[in-house]
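Have a look at the structure below before the remarks.
Scope of the values below: all heavy atoms of this structure, side chains included, with no hydrogens, waters or symmetry mates. Letters go in sequence order (proteins before strands), and every chain restarts at 1. As the structure is a computational prediction, the values presented were derived from the model and not from experiment.
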Amino acid sequence: MPELPEVETVRRGLAPFMEGALIHEVKLARGDLRFPFPPDFARTVAGRQIVALSRRAKYLLVNLEGDLTIISHLGMSGSFRIDEGDADSTPGEFHHRRSKDAAHDHVTFLLERASRPVRVIYNDPRRFGFMLLSKTSELDSFPAFAALGPEPTGNLLSAAYLAERFRGRKQPLKSALLDQRTVAGLGNIYVCEALHRARLAPTRAAASVVTPTGRPTRALDSLAHDIRVVIAEAIEAGGSSLRDHIRTDGSLGYFQHRFRVYDREGEPCPTEGCRGIVKRIVQSGRSTFFCPVCQK
DNA sequence: AAGGGAGCCTGGCGGC
DNA sequence: TGCCGCCAGGCTCCCT
């Protein structure tokens, strides 16, 4: 499921229910997901108030009082959902979905917010996700965060920065962009989409969009811009839902309808005036979708 | 030393 | 209908 726009959508969906809430209890259905939960995870977290929900790259951060943060990663199939009030009074459709998925409900947060009970449930069939703890004051030295590149939101991501990263690198643009040290939060979908918008072939060497003096080419200017735009549009659309519900209320994101190439093998290239057909290739074991005609 | 591939898991889908 | 192999939005480790 989750690249940056999907995690940001989850954060926005959870925030109204979680920020300011008191954690009464945490129930773990098993001792591990991708990694074991930290020792005494439930006991350490219980009794604290949630100060804020934030995000770094594809990580959701639950900032608690007392210099403690839950670092949550959704892996490939993780999702959160909210359950307000009595468990018995949930609507039929919701109940149906819940019972179907219950085998993969791994964590339940029992919260109280504004004197009302709220349950926040983490579900993850493939269990590639995880939850860890860090002192809030030491988050920057968390191993996965130490080397992260800039966020593609706002104006932090510049062509000059990418030129510096790409200079001298033979690695294909696709893999260079999937590397979280280049840009934080990009995944397979949005890398394919950004490269198409910038009309750059995913197989092209990263160094080929940098001039001999280390400056960005015009194509790289475009790429830096297109990455920011595609991420902003996807967040606006509530992310992309392929086979999973991603929003905390069970509704779907709709950016998947705006994919230009991702999962569109064999379809006509959407670039105006281009007569190409979207092609699928495999790079580093991952599917890449692109137009061999207009992406050079 | 950079880059490719395997592995971690389960579920859904297409093909036979 | 049933079974089988393939594929999936991420990340880390190991090998060359």
Q. At under 4.0 Å between heavy atoms, what does Tyr190(A) touch on the DNA or RNA strands: base, sugar-phosphate, or nothing?
A. nothing
Q: Indicate, with a heavy-atom threshold strictly under 4.0 Å, whether Gln283(A) touches base, sugar-phosphate, or nothing.
A: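 The answer is nothing, as Gln283(A) stays clear of every strand by at least 4.0 Å.
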Which of these nucleotides, [options], is closest to any side-chain atom of [X]?
X         : options                 : result
Arg34(A)  : dG9(C), dA2(B), dG7(B)  : dG7(B)
Ser175(A) : dG4(B), dA8(C), dG9(C)  : dG4(B)
His104(A) : dG7(B), dG3(B), dT10(B) : dT10(B)
Asn188(A) : dG4(B), dG9(C), dC11(C) : dG9(C)

Please state whether the phosphate of [N], meaning OP1 or OP2, lies under 4.0 angstrom from any side-chain nitrogen or oxygen of [X].
X         : N       : result
Arg169(A) : dG3(B)  : yes
Lys58(A)  : dC11(C) : yes
Ser287(A) : dA8(C)  : yes
His73(A)  : dC11(C) : yes
Gln171(A) : dA2(B)  : no

**Q.** Lys/Arg N to Asp/Glu carboxylate O, Arg55(A) vs Glu151(A), below 4.0 Å
**A.**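 A salt bridge links Arg55(A) with Glu151(A).
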Q. Salt bridge or not for Asp105(A) and Arg81(A), using N-O below 4.0 Å?
A.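 Salt bridge between Asp105(A) and Arg81(A), a charged N being under 4.0 Å from a carboxylate O: yes.
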Q.
Strictly by side chain to side chain donor-acceptor pair (under 3.5 Å), give each pair with a member in residues 41-53 of chain A just once, sequence neighbours left out.
A. Asp40(A)-Arg43(A)
Q | Of all pairs that satisfy ring-ring contact (aromatic ring centres under 6.0 Å, His included), the ones with a partner from residues 54-74 of chain A, not counting sequence neighbours | A | Tyr59(A)-His73(A), Tyr59(A)-Phe145(A), His73(A)-Phe130(A)
Take the protein atom [atom1] of [X] and the nucleotide atom [atom2] of [N], then report the distance between them rounded to whole Å.
X         : N       : atom1 : atom2 : value
Phe35(A)  : dG10(C) : CZ    : P     : 15 Å
Arg286(A) : dG4(B)  : CZ    : C1'   : 13 Å
Leu74(A)  : dC9(B)  : CG    : P     : 18 Å
Arg181(A) : dG10(C) : CZ    : P     : 16 Å
Glu6(A)   : dA8(C)  : CD    : P     : 16 Å
Ile281(A) : dG4(B)  : CD1   : P     : 12 Å

Q: Under the salt bridge (charged side-chain N to carboxylate O under 4.0 Å, His left out) rule, collect the residues that match up with Arg11(A), sequence neighbours excluded.
A: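 Partners of Arg11(A) by the salt bridge (charged side-chain N to carboxylate O under 4.0 Å, His left out) criterion, ordered by chain and then number, come out as Glu8(A).
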(Q) Quick check on contacts: within residues 124-135 of chain A, what sits under 4.0 Å from DNA chain C by heavy-atom distance? (A)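 When residues 124-135 of chain A is checked for heavy atoms under 4.0 Å from DNA chain C, the hits, listed by number, are Arg126(A), Phe128(A).
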Q. Looking just at side-chain N and O atoms, do Thr69(A) and Thr136(A) make a donor-acceptor pair shorter than 3.5 Å?
A.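 On atom types as modelled, these side chains qualify, holding a pair under 3.5 Å.
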Q: Using the six-membered ring wherever Trp is involved, compare the ring planes of Phe80(A) and Phe109(A) and label them parallel, tilted or perpendicular (cut-offs 30° and 60°).
A: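 Plane angle between 30° and 60°, so tilted.
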Q: Report the secondary structure of DNA chain B in dot-bracket form, marking unpaired bases with a dot and bases paired to a different strand with |, and treating Watson-Crick or G-U pairs with both distances under 3.5 Å as paired.
A: .|||||||.|||||||
Q: Would you sort out whether Glu236(A) and Arg258(A) count as a salt bridge (charged side-chain N to carboxylate O under 4.0 Å, His left out), showing the intermediate values?
A: CA-CA 12 Å; Glu236(A) 182 76 13; Arg258(A) 311 234 298 262; over 6 Å; no
Between side-chain atoms of residues 154-161 of chain A and protein atoms elsewhere (two or more places apart, or another chain), which donor-acceptor pairs fall under 3.5 Å?
| residue | atom | partner | partner atom | Å |
| --- | --- | --- | --- | --- |
| Ser158(A) | OG | Tyr161(A) | N | 3.0 |
| Tyr161(A) | OH | Arg181(A) | O | 3.1 |
| Tyr161(A) | OH | Thr182(A) | O | 2.8 |

